[in-house]
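Worksheet: the structure to be examined is printed underneath.
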Amino acid sequence: MKAIPYMHPTIYNLYLLALHGKSLEKRYRFISGEIGGGQRVFEPGCGTGILAGYLYKSCDYVGWDMNPAFVTYLKRKGYNAEMHDILDFENYPENDVCVIVDVLHHIVPKEQILIENALKTTKKLIVVEPYEAFSSPLPYRIRKYYDSFLGDNDGINPYDNRVNWAYSPEELKKYFTSLGAHKIAEIGKDIMAVFHPDKCE
């Protein structure tokens, strides 16, 4: 069972806006600026495809997600979206830029596997993740209950896996740097990491 935000695209978009406020738009403008125009953009774990609305019109966009409601929503808006497992690396579409937003903390402990394989399939990788995503002074049971109904539960990965995403801002920056990130930025409670695979070798 999914938490309420993952049941309907409109609710999910409102949920993100409530979480990020003005920094939500700032992060997508940052990503769009890093991508530029005329690029083939692939977004595994695309959610409701907010990024697609910020791209230059000259860009081609493909999004993958496991939530059928989100994929249907994107198709109705005219975007190229597919319901697909984001760990199916062999079938990643050809792309110039791969963008992974708010995905890593959902797939713990497979987050590093995703980054390493994404780097093999693209010319540029942009990763955006929140720090301290599951930090709270509340007791464990209350946090888990909240997550199940109103929080980050997408119905795919158990809370006991996801709760291990416990990086501080500096720890997350160091983690991305250790994986080869060439540019690190902080917007709101998100850390933005930009990788150039040809320079990572």
Side-chain angles (χ1 to χ4, degrees), residues 9 12-13 16-17 19-65 70-71 73-84 86-107 111-131 169 172-201:
Y12 178 76
N13 288 340
L16 286 183
L17 187 59
L19 279 178
H20 297 278
K22 293 180 180 179
S23 67
L24 186 67
E25 181 174 1
K26 289 180 180 179
R27 76 173 182 179
Y28 282 109
R29 291 197 180 282
F30 172 91
I31 297 170
S32 179
E34 286 292 328
I35 294 171
Q39 303 296 303
R40 296 171 298 175
V41 181
F42 173 49
E43 185 179 18
C46 62
T48 55
I50 295 174
L51 171 62
Y54 284 86
L55 297 176
Y56 286 80
K57 291 183 179 180
S58 57
C59 288
D60 291 323
Y61 174 85
V62 179
W64 280 11
D65 206 274
F70 291 174
V71 173
Y73 169 81
L74 278 167
K75 286 183 175 179
R76 286 177 178 168
K77 293 187 72 174
Y79 292 120
N80 187 356
E82 300 176 17
M83 188 169 167
H84 215 122
I86 65 171
L87 299 179
D88 182 12
F89 306 116
E90 291 184 0
N91 288 305
Y92 271 24
E94 289 188 14
N95 67 88
D96 300 304
V97 186
C98 181
V99 183
I100 301 174
V101 180
D102 287 346
V103 172
L104 300 187
H105 70 279
H106 278 275
I107 63 170
E111 70 279 9
Q112 190 165 329
I113 294 172
L114 175 59
I115 291 179
E116 290 172 350
N117 281 275
L119 284 169
K120 297 174 183 177
T121 66
T122 192
K123 299 174 183 176
K124 188 173 190 177
L125 174 65
I126 302 171
V127 179
V128 180
E129 279 296 316
Y131 54 80
L172 188 51
K173 290 175 184 178
K174 288 180 181 179
Y175 175 63
F176 286 143
T177 299
S178 73
L179 294 176
H182 292 84
K183 182 177 182 178
I184 301 285
E186 184 174 345
I187 297 178
K189 292 186 176 181
D190 289 324
I191 303 300
M192 337 285 283
V194 181
F195 300 78
H196 296 276
D198 58 329
K199 299 178 183 178
C200 291
E201 298 176 355

TODO: Spell out, as yes or no, whether a donor-acceptor pair under 3.5 Å connects the side chain of T122 to the backbone of D96.
DONE: yes
TODO: Flag the pair V71 / Y79 as yes when at least one side-chain heavy-atom distance between them is below 4.5 Å, and no otherwise.
DONE: no
- [ ] Take V101 and E43 through the side chain to side chain contact (heavy atoms under 4.5 Å, CB included) test and state the conclusion after the steps.
- [x] CA-CA 8 Å; V101 180; E43 185 179 18; 4.1 Å; yes
- [ ] Could you grab the distance from atom CD1 of I107 to atom CD of Q112, nearest 0.5 Å is fine?
- [x] 11.0 Å
- [ ] Could you pull out the closest heavy-atom pair between V103 and P44, with the gap in Å?
- [x] CG2-O, 3.7 Å
Task: Any donor-acceptor pair under 3.5 Å from D65 side chain to G47 backbone - done: yes
- [ ] Before giving the answer on side chain to side chain contact (heavy atoms under 4.5 Å, CB included), spell out for I50 and N13 the whole-Å C-alpha distance, their side-chain angles and the decisive distance to 0.1 Å.
- [x] CA-CA 8 Å; I50 295 174; N13 288 340; 3.8 Å; yes
Open item on the list: Using the rule given for side chain to side chain contact (heavy atoms under 4.5 Å, CB included), can you reason through L104 versus I115, listing the C-alpha separation, both sets of side-chain angles and the distance that settles it, and then say yes or no?
Closed with: CA-CA 9 Å; L104 300 187; I115 291 179; 3.6 Å; yes
- [ ] Please report the shortest heavy-atom distance between P197 and K123, naming the atom on each side.
- [x] CD-O, 3.1 Å
TODO: Indicate, with yes or no, if the rings of Y73 and F70 have centres closer together than 6.0 Å.
DONE: no
Open item on the list: Check whether K124 reaches the backbone of E34 with its side chain - one donor and one acceptor, N or O, closer than 3.5 Å.
Closed with: yes
Open item on the list: Can you tell me how far apart CG (N117) and CD1 (I86) are? Round to the nearest 0.5 Å.
Closed with: 11.0 Å
- [ ] Report the distance from atom CD of E94 to atom CZ of F42, rounding to the nearest 0.5 Å.
- [x] 12.5 Å
Open item on the list: Could you measure the distance from the CG atom of L125 to the CZ atom of F195? Nearest 0.5 Å is fine.
Closed with: 5.5 Å
Task: Exercise: identify the closest heavy-atom pair between P130 and D102 - done: CD-OD1, 3.5 Å
Open item on the list: With a 4.5 Å cut-off on side-chain heavy atoms, are I31 and Y54 touching?
Closed with: no
Open item on the list: Would you compute the distance between atom CG of L51 and atom CZ of R27 and round it to the nearest 0.5 angstrom?
Closed with: 10.0 Å
Open item on the list: Looking at every heavy atom in both C59 and G36, which two are closest together, and how far apart are they?
Closed with: SG-O, 3.2 Å
Task: Given T121, N80, V62, D60, the one that forms side chain to side chain contact (heavy atoms under 4.5 Å, CB included) with P93 - done: V62
- [ ] Could you tell me whether the side chain of I187 reaches within less than 4.5 Å of the side chain of M192, counting heavy atoms only?
- [x] yes
TODO: Spell out, as yes or no, whether a donor-acceptor pair under 3.5 Å connects the side chain of S32 to the backbone of R29.
DONE: no
Task: Side chain E129, main chain H105, donor-acceptor under 3.5 Å - done: yes
- [ ] For the pair W64 and Y92, name the ring-plane relationship: parallel under 30°, tilted 30 to 60°, perpendicular over 60°.
- [x] perpendicular
Open item on the list: Taking V194's backbone N and O only, do any of them form a donor-acceptor pair with H196's side chain (distance below 3.5 Å, no angle check)?
Closed with: no
Task: Within-4.5 Å side-chain heavy-atom neighbours: I191 and Y175 - done: no
TODO: Please confirm whether the backbone N or O of G188 pairs with a side-chain atom of S23, one donor and one acceptor, at under 3.5 Å?
DONE: no
- [ ] Check whether any side-chain heavy atom of H20 lies under 4.5 Å from a side-chain heavy atom of Y28, and answer yes or no.
- [x] no
TODO: Compare every heavy atom of Q39 with every heavy atom of I35, then report the nearest pair and how far apart it is.
DONE: O-CG, 3.3 Å
- [ ] Output the distance between atom CG (D190) and atom CZ (F30), rounded to the nearest 0.5 Å.
- [x] 11.0 Å
